[in-house]
Amino acid sequence: PRSTLFPYTTLFQSSYIMLASPILIVSSLLGSIIFSGAGLLFAPAIGNQQYRQANRILTLSLVSVLVFNGLIAATLCIWTDPVARFLTDDDRLLPYLIDYLPVSFIGSVVTLLAMSLGQFIEISGRPRLVTKAMVILSSANILLDLLLVVYFQLGMKGAAIASALSSVAAFLSYIPYLTKQPQPFRFDLPLSAESLKLEGTCLLRGLPDAIGTVSVAVLLLGLNAIVIHIQGADGMFILSVCIQIFSIGMLVIGGAGDAITGIGGKLYGERDWNGMKRLFDSIFKKVLGGAALITLLIFFFPSLLARLFGADEDLLAVSDQPLRLFSLVLIPLAVTLMLVNIFLITNRGKLASLLMVSLVVCILLPFLACSYWIPSNVWIAFPIGMWTLMLISLGI
């Protein structure tokens, strides 16, 4: 049976990455706090035409991410073996995780720098440049995966190298814009006392995002443990496809969240309440439309999606129902995350944190209950949890 053999193939590559995801999320936590908090401060500064303050926020964010996350990545590289054994003690999985993690820790620093810089460029009014960088990142990732994983047979290490080099390519694509005259930004690191104060403000504003990041890591750890226990390798494949669906949905939701942070932040700085309302109304309609379209496609064509991930006939037989059930989470997820973004930009961080913690509770508790009472239909916990969370969000 596949669940006892579990060979390394491209079919299960995403399953290995799923196991590594929680620790990679946590390792990037500090950088995520800093640059998300910096973005929430940067947008109103641009709206208030406080350009020197905006430059200081940008500079401090990039330097902090490079220094702090560089140290975290170096430390985790030294302790790769115990970190991998914390994630799993399965002898079939450990060698691939040990290959994958060190390069991924280093690559996460470059990814954070590219994300942080892209956020500032988008807020400053160049969203097309950021879109171009994301296309470069995705294209480079696909091509390098084919070259390193398929042609050179580097396995999980090749996948990690491909991701890291793709982030480097995205970061380098910003250089011509940053260096041409007149320069859009000027790097301005404030004096030590000002730096500490500004750093503290960034951390405080980014804290709700950190709670959200930790919540996602806890959620993935919990789901990994439950699914491996009750459904083995086949269940991990289904879960990895579900998370890929989640990532596709996040392309829509994440872009909308960036618009709220960027455009909404500037409008908030200008105190343009009518403009903010029109922006939110427009974004909600587009996001819900995109989520509904993806939901319908997955619900009616689940086998097509599973085949794209390399599923054979045995996996197709067991994946249709779980994928249909998971497709039902995209609409409530979109509504909830849009509200989280609105709470963040309007300085209601406690409400945003509450919703992100509720995400873990509302999914893991039904998952635990279903794994005990109806393990064969455990995937129904996804829509139950997410629709419950949406009702809580709307109630708030």
Side-chain angles (χ1 to χ4, degrees), residues 21 24-47 53-70 72-73 108-124 127 130 133-134 167 170-171 174 185 195 197-219 247 250-251 253-269 283 336-357 359-360:
S21 292
L24 292 175
I25 290 172
V26 172
S27 71
S28 301
L29 181 60
L30 184 57
S32 298
I33 297 174
I34 292 170
F35 89 72
S36 61
L40 292 171
L41 295 174
F42 184 82
I46 293 291
Q53 178 73 352
N55 286 330
R56 289 182 168 184
I57 293 168
L58 178 147
T59 306
L60 187 64
S61 172
L62 295 178
V63 171
S64 299
V65 167
L66 180 61
V67 173
F68 294 139
N69 279 82
I72 292 170
S108 67
V109 179
V110 184
T111 301
L112 281 171
L113 286 171
M115 290 171 62
S116 183
L117 188 56
Q119 170 186 247
F120 296 127
I121 290 172
E122 183 170 4
I123 292 172
S124 68
V130 179
M134 293 303 100
S167 295
F171 186 87
Y174 295 134
F185 307 123
S195 294
K197 182 179 179 180
L198 191 55
E199 189 86 56
T201 306
C202 288
L203 288 170
L204 187 62
R205 289 299 302 272
L207 191 59
D209 185 72
I211 293 173
T213 301
V214 172
S215 299
V216 171
V218 170
L219 180 62
S247 299
M250 288 300 291
L251 289 175
I253 300 169
D258 290 342
I260 290 176
T261 302
I263 303 171
K266 287 190 283 188
L267 293 172
Y268 188 75
I283 288 175
T336 302
L337 292 184
M338 286 301 94
L339 289 173
V340 167
N341 278 288
I342 290 173
F343 291 154
L344 285 173
I345 199 61
T346 54
N347 206 14
R348 289 174 170 82
K350 291 181 180 178
L351 286 177
S353 300
L354 175 63
L355 289 187
M356 292 309 298
V357 172
L359 175 68
V360 179

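Residues Ile121 and Phe185 have side chains in contact (heavy-atom distance under 4.5 Å, counting atoms from C-beta outward). Within the 4.5 Å cutoff, the side chain of Leu113 has heavy atoms near those of the Leu66 side chain. Using a 4.5 Å cut-off on side-chain heavy atoms (C-beta onward), Gln119 and Ile123 make contact.
Checked by atom type and distance alone, the side chain of Ser36 pairs as donor or acceptor with a backbone atom of Ile33 at under 3.5 Å. Between the side chain of Glu122 and the backbone N or O of Val130, no donor-acceptor pair lies under 3.5 Å. Remark: the backbone N or O of Ser108 is not paired with any side-chain donor or acceptor of Asn69 at under 3.5 angstrom. A distance-only check finds no donor-acceptor pair linking the side chain of Ser61 to the backbone of Ile57 [under 3.5 Å]. In this structure, Ser116 contributes its side chain and Leu112 its backbone to no donor-acceptor pair below 3.5 Å.
In this structure, the separation between CZ on Phe35 and OG on Ser28 is 9.0 Å, given to the nearest 0.5 Å. Rounded to the nearest 0.5 angstrom, Leu337 CG and Ile342 CD1 are separated by 11.5 Å. Cys202 contributes atom SG, which lies 4.5 Å from atom CG of Leu198 (distance to the nearest 0.5 angstrom). Between atom OG1 of residue Thr336 and atom CE of residue Met356 there is a gap of 9.5 Å, rounded to the nearest 0.5 Å. The CD1 atom of Ile46 lies 9.0 Å from the CG atom of Leu58; values are rounded to the nearest 0.5 Å.
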### Task
Determine, step by step, whether Glu199 and Ile34 satisfy the side-chain contact (heavy atoms from CB on, under 4.5 Å) criterion, reporting the C-alpha distance in whole Å, the side-chain angles of both residues, the deciding distance to 0.1 Å, and the verdict.
CA-CA 8 Å; Glu199 189 86 56; Ile34 292 170; 3.5 Å; yes
#### Entry: side-chain contact (heavy atoms from CB on, under 4.5 Å) assessment of Leu203 paired with Leu30
CA-CA 9 Å; Leu203 288 170; Leu30 184 57; 4.0 Å; yes
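Of all heavy-atom pairs between Ala133 and Ala170, the closest is O-CB, 3.8 Å. Gly31 approaches Val65 most closely through the heavy-atom pair O-CG2, 3.9 Å. The minimum heavy-atom distance linking Asn55 with Thr59 is given by the pair O-OG1, 2.8 Å. Pairing each heavy atom of Phe120 with each of Ala38, the nearest pair is CZ-CB, 3.9 Å.
Each of Arg348, Lys350, Met338 was compared with Phe343 under the side chain to side chain contact (heavy atoms under 4.5 Å, CB included) criterion, and only Arg348 meets it.
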